[in-house]
Amino acid sequence: MMMEPRLRNELAAAERTLRRARLWRELTFCWLGAGAAGILFLLLQGFSGWSSPVLWIIPLLGGIIATCVVWRRHVGREADFASLVAALEREYPELRHLLSAAAEQEPYAGGFRFLQLRVVDEVLAHPQRESWRRGLQQKLAAAKTGGVAALAAALAALFVLAYSSSRAHPLLGSLLATGVTVTPGDTQLERGSSLVISARFGGEPPAEATLVLVSASGKTQRLALERHLADPVFGASLSDVAEDARYHVEYAGGNTPDYKISVFDYPSLLRADARLEFPAYTGLTNKTIPDTRRISAVEGTRLTYTLQLNKPVKRARFVGGDASLELALQSNAVAVLSAFPLTNSARFTLALEDAEGRASKFPADFFIQVLTNRRPELKLVFPRGDQRVSRLEEMQLQGEATGDFGLLKYGIGYGIAGQDPRYFDLGGPAPGKEKRSFDYLIPLENLDLEEDQVIGYFVWADDHGPDGQPRRTFSDIFFAEVRPFEEIFRPEQSGAGENESQGQQGQENPSVKLAELQKEIVVATWKLQQKRSP
């Protein structure tokens, strides 16, 4: 057939791809046949007990011969454009009649004419041209994948057949002839647990069976399996399994394969040592508390926990409420919480996870109590309450101050309405928990006070706050009202005098009430400022 050259090249490439896909499919059947023959021989060997060391060569030779035959047929096969065109037109209906018409065109004496070339050009420019190319390549890829999978399966079947044929007792035969089922087979269990091993015989059970246990340390134990009456199940119990081991069951005529016992430990805490680094202002010496899960320390203390675990873990953390603290892991089964600042009391649970994802069976709880760095306790011992004083007298004040972790300094302060307070340093520093008493004499005559003026007085002290910075604390504020030099007190008289006295009291009451209200406002503002102080 004298086909147009461009169309012939296109169809020749497509035909080669299709022929290679057909070759791979035929090879797949050859290798599947060899694998099926191997499996059939393996079953016959198991049921009959007959074995031969060269049995596996038969399906191997059969597969090789079939492969050679298929290959020779492929090499000698000529290109079949008609079959290709028919296949493409079946798969792509849009090409029907167009592709076959173009393939049937033959040149005249002077070559191909315009209309013939027009038909060929339409085929070469058709949108389905790329589609059939991709389709053929996909068929080839699928055929190759199937062929490789079939070859792998055949080799695996032949390997098992060769291995079984080389044994004195065929591998499949020993399982099919006796039908021994060993429970639990390969297993994992926690260290120190007990394990029950049983062997069920599907055929005629033997008179006796023995469990052979070889531990990881090299110790071998032989335990006779017990059987109850005619029960085909033999069993034995192992108590306190402490290490990895391998075991199998021996009986008359054979033995089972080896099974593995893997022993594991749940991650757990062995010891927890705490180191406390106290803030410098406390004056306390850093200390280490061995093996403790309860910590009590002042806020600002830095806690370092060193946890000794029973095994290396993949993850360790403290979990409490909404908080979660990751612990640093070390190679020697140690987890560390390093220099954690204590700010609030909390309860944490130690969450451990090993490499296999096992968590602690009994998680350890940790309790952390954070003590507040309280402000100093201040007290105005004398005088007690508000006073009425003369502007010429000397007012004696006595105070006391105590700090949990010592005082920097302390003293007395007072202020006159409209002026800034005055502070008088009367001592310091002082150690923690030690009460300091002090007094001060206010010379009122030097203050140029007027009648009805009010002096506020209080006790103050400085100490270190939780951030280590100095802070000042004040006691309650009290007031001294300057009275006149002369005060006239008259007894109540009846009549007009009584009415006049009542009238005067009625006139004085508003001012007195206003003064008391002002004092209450000042005291409330004073206390509110102290609460807002850090």
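For clarity, every value in this text was computed on a predicted model and none was experimentally measured.
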Are the side chains of [Y] and [X] in contact, using a 4.5 Å heavy-atom criterion?
{"X": "Pro466", "Y": "Thr343", "value": "no"}
{"X": "Tyr247", "Y": "Val212", "value": "no"}
{"X": "Leu327", "Y": "Leu350", "value": "yes"}
{"X": "Lys314", "Y": "Asp354", "value": "no"}
{"X": "Arg275", "Y": "Thr306", "value": "no"}

What's the shortest heavy-atom distance between [X] and [Y], and which atoms?
{"X": "Val249", "Y": "Ala209", "answer": "CG1-CB, 4.0 Å"}
{"X": "Pro363", "Y": "Thr349", "answer": "CB-CG2, 3.5 Å"}
{"X": "Pro279", "Y": "Glu299", "answer": "CG-O, 3.9 Å"}
{"X": "Leu408", "Y": "His464", "answer": "CD2-CE1, 3.4 Å"}
{"X": "Ser360", "Y": "Pro267", "answer": "OG-O, 2.9 Å"}
{"X": "Asn255", "Y": "His248", "answer": "CB-CD2, 4.1 Å"}

Evaluate the salt bridge (charged side-chain N to carboxylate O under 4.0 Å, His left out) criterion for residues Lys219 and Glu243: first the C-alpha distance (whole Å), next the side-chain angles of each, then the deciding distance (0.1 Å), finally the verdict.
CA-CA 11 Å; Lys219 182 181 178 181; Glu243 58 180 333; over 6 Å; no
Point-to-point distance, once rounded to the nearest 0.5 Å, from [atom1] of [X] to [atom2] of [Y]:
{"X": "Glu277", "Y": "Arg302", "atom1": "CD", "atom2": "CZ", "answer": "8.0 Å"}
{"X": "Ser262", "Y": "Asp186", "atom1": "OG", "atom2": "CG", "answer": "7.5 Å"}
{"X": "Thr210", "Y": "Leu225", "atom1": "OG1", "atom2": "CG", "answer": "6.5 Å"}
{"X": "Cys30", "Y": "Ile65", "atom1": "SG", "atom2": "CD1", "answer": "11.0 Å"}
{"X": "Arg191", "Y": "Lys311", "atom1": "CZ", "atom2": "NZ", "answer": "9.0 Å"}
{"X": "Arg294", "Y": "Asp365", "atom1": "CZ", "atom2": "CG", "answer": "9.0 Å"}

Might you confirm whether atom CZ of Phe367 has over 12 heavy atoms from other residues, nucleotides or ligands at distances under 6.0 Å?
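Yes, CZ of Phe367 has more than 12 neighbouring heavy atoms, counting only those of other groups under 6.0 Å.
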Does Glu190 CD have over 12 foreign heavy atoms under 6.0 Å away?
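Result for CD/Glu190: enclosed.
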Test Gln221 against every option in Leu213, Val214, Leu238 by the side chain to side chain contact (heavy atoms under 4.5 Å, CB included) rule and name the one that passes.
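When Leu213, Val214, Leu238 are each tested with Gln221, the side chain to side chain contact (heavy atoms under 4.5 Å, CB included) holds only for Leu213.
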Apply the side chain to side chain contact (heavy atoms under 4.5 Å, CB included) test between Thr473 and each candidate in Asp462, Leu407, Leu378; give the one that qualifies.
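Result: among Asp462, Leu407, Leu378, Leu378 is the only option passing the side chain to side chain contact (heavy atoms under 4.5 Å, CB included) with Thr473.
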Basic-acidic side-chain contact under 4.0 Å: Lys435, Glu377
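So Lys435 does not pair with Glu377 through a salt bridge.
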Pair Asp463 + Arg375, salt bridge at N-O below 4.0 Å:
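Arg375 and Asp463: not salt-bridged.
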Counting N and O atoms only, with roles assigned by atom type, does the side chain of [X] sit under 3.5 Å from a partner on the main chain of [Y], one being a donor and the other an acceptor?
{"X": "Asp258", "Y": "Arg246", "result": "no"}
{"X": "Asp240", "Y": "Ser193", "result": "no"}
{"X": "Ser345", "Y": "Val370", "result": "yes"}
{"X": "Asp273", "Y": "Pro290", "result": "no"}
{"X": "Ser324", "Y": "Val319", "result": "no"}

Let's go through Gln330 and Val336 carefully: what are the C-alpha distance in whole Å and the side-chain angles of both, what is the deciding distance for side-chain contact (heavy atoms from CB on, under 4.5 Å) to 0.1 Å, and is it a yes or a no?
CA-CA 8 Å; Gln330 299 181 0; Val336 178; 3.4 Å; yes
Think Arg436 forms a cation-pi with Tyr410, using NZ or CZ under 6.0 Å from the six-ring centre and within 45 degrees of its axis?
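The answer is no; the distance or angle limit is not met.
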May I ask you to check whether Tyr251 and Phe201 place their ring centers less than 6.0 Å from one another?
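Yes, ring centres under 6.0 Å apart.
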Sole residue of Phe340, Phe348, Phe366 in ring pair (Phe, Tyr, Trp, His ring centres under 6.0 Å) with Tyr305:
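Only match with Tyr305 under ring pair (Phe, Tyr, Trp, His ring centres under 6.0 Å): Phe366.
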Go through the steps for Glu356 and Gln188 under the test side-chain contact (heavy atoms from CB on, under 4.5 Å), then give the verdict.
CA-CA 12 Å; Glu356 289 74 28; Gln188 295 182 346; 6.0 Å; no
Could you go through the side-chain contact (heavy atoms from CB on, under 4.5 Å) check for Tyr281 and Val298 one step at a time?
CA-CA 11 Å; Tyr281 69 83; Val298 67; 4.2 Å; yes
Residue pair Arg317, Glu353: steps toward the salt bridge (charged side-chain N to carboxylate O under 4.0 Å, His left out) verdict:
CA-CA 9 Å; Arg317 56 195 175 115; Glu353 182 180 346; over 6 Å; no
Stepwise side-chain contact (heavy atoms from CB on, under 4.5 Å) check, Tyr259 with Ile197:
CA-CA 11 Å; Tyr259 298 98; Ile197 298 176; over 6 Å; no
